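The structure appears right after this line, and notes come after that.
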Amino acid sequence: MVLYLVNIRAVLKRAIPLSATCSHSRSTCSTPAETRGISPNLEFSPDCDEATRQMLEKDFQVYKDFISAEEENNLLEELEVKFKRSRYQYDHWDDAIHGYRETEKPTWNQVNDCVINRLRAFAFSTTTMQHVHVLDLAENGHIKPHLDSIKFCGPTISGISLLTASVMRLIHIQRPQVLVTALLPRRSLYIMKDFARYEFNHEILNNSESFFRGEKVTKTRRISVICRSPPPPSS
Ligand code: OGA
Ligand code: MN
């Protein structure tokens, strides 16, 4: 099943090949000006103290309109071919993801490659794994709270959301009353690293729970295009 996840209940079920790393060019496609600057897309629970809030604001960021509608269409066109013959999986009660299909994509067409390289240059100060993880969540799908495997994935995770807005929730592992809700608009980019990546479980809420600042956020089918930094070399 899932590539990089460690569910709270289930341990990783399938070994993940360590993909080759990719050092990206910083010169391809410039980042649109409006994506610079952090959007106020985080909502903190009352139990979230100021220090935690500040660390989270540093280590979990959402950038609106990271890609244009045209770039979204180009990505979808290439991805639909990839997903055409696979079915959504709803199988096991202990899977971290419900209602999904996924792929690992090592290469992209030229136009989309440019967008992927822009993501890499924008979100990562180091190399990223060569394979891009693409996760297609059905409208009734959701991702349960989990931590990405520390064995197979490094300190930074960054994804573009296609097709719909959704709500991601981060729950502090040691202090579960401390939680943060993040609105991920369609075509936005999120960067989750360090403190946010290691000290919190993250999840994508299903529609019955999907609220942000008291407003319902209806998630339709959602595709995320996710890059990860490689795990640190084991000593
Ligand atoms: C994952 C994950 C979030 C997303 O695949 O580990 O948390 O944006 N995905 O789809
Ligand atoms: Mn994850």
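Just so you know, ligand 1 is whichever comes first in the structure, and atom 1 is the first atom listed for that ligand. Source: prediction; values computed, not measured.
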Flag side-chain contact, heavy atom, 4.5 Å: E78 against N74:
no
So among D136, N140, T164, which one has a side-chain hydrogen bond (donor to acceptor under 3.5 Å, both in side chains) with R221?
D136
Identity of the N, O or S atom of D148 lying closest to the Mn ion (ligand 2)
OD1
Using a 4.0 Å heavy-atom cut-off, which part of I143 comes near ligand 1: side chain, backbone, both, or neither?
side chain
Nearest to the Mn ion (ligand 2) - the N/O/S atom of H146, by atom name:
NE2
Examine ligand 1 and decide if any of its atoms is less than 4.0 Å from a heavy atom belonging to E203.
no
Using a strict cut-off of 4.0 Å, indicate which atoms of ligand 1 neighbour a heavy atom of D148.
6 (O)
Any sub-3.5 Å donor-acceptor pair from R101's side-chain atoms to S86's backbone N or O?
yes
Does some non-hydrogen atom of E102 fall short of 4.0 Å from ligand 1?
no
Other ILVMFWY residues reachable from V217 by side-chain steps of under 4.5 Å:
V167, L183, L205, F212
Numbering the atoms of ligand 1 from 1, which are under 4.0 Å from a heavy atom of L135?
5 (O), 10 (O)
Kindly check if the number of other-residue, nucleotide or ligand heavy atoms within 6.0 Å of CZ (R213) is above 12?
yes
Establish, yes or no, whether a centroid distance under 6.0 Å links the rings of Y90 and Y100.
no
How does I157 reach ligand 1, if at all, at less than 4.0 Å between non-hydrogen atoms: by side chain, backbone, both, or neither?
neither
Go through ligand 1 atom by atom and flag the ones less than 4.0 Å from a non-hydrogen atom of S224.
4 (C), 8 (O), 10 (O)
M192 near ligand 1, heavy-atom distance under 4.0 Å?
no
Inter-residue atom distance I173.CD1 - L147.CG, 0.5 Å rounding
4.5 Å
Could you pull out, from I223, I226, V225, the option with a heavy atom nearest to atom 9 (N) of ligand 1?
I226
D148 and side-chain hydrogen bond (donor to acceptor under 3.5 Å, both in side chains): which partner among R197, H133, R228?
R228
Which of the numbered atoms in ligand 1 are under 4.0 angstrom from any heavy atom belonging to H133?
5 (O)
Measuring centre to centre across the rings, with the benzene-like ring taken for any Trp, is F60 within less than 6.0 Å of F195?
no
Pair F44-L179, side-chain contact (heavy atoms from CB on, under 4.5 Å): steps then yes or no
CA-CA 6 Å; F44 298 89; L179 43 94; over 6 Å; no
In ligand 1, the atoms that come under 4.0 Å of a heavy atom of R228 are 1 (C), 5 (O), 6 (O)
Ligand 1 to H202, heavy atom cutoff 4.0 Å, flagged ligand atoms 7 (O)
Location of contacts on L137 toward ligand 1, heavy atoms closer than 4.0 Å:
neither
Quick note on ligand 1: atoms under 4.0 Å from a heavy atom of Y190 include exactly 3 (C), 4 (C), 8 (O)
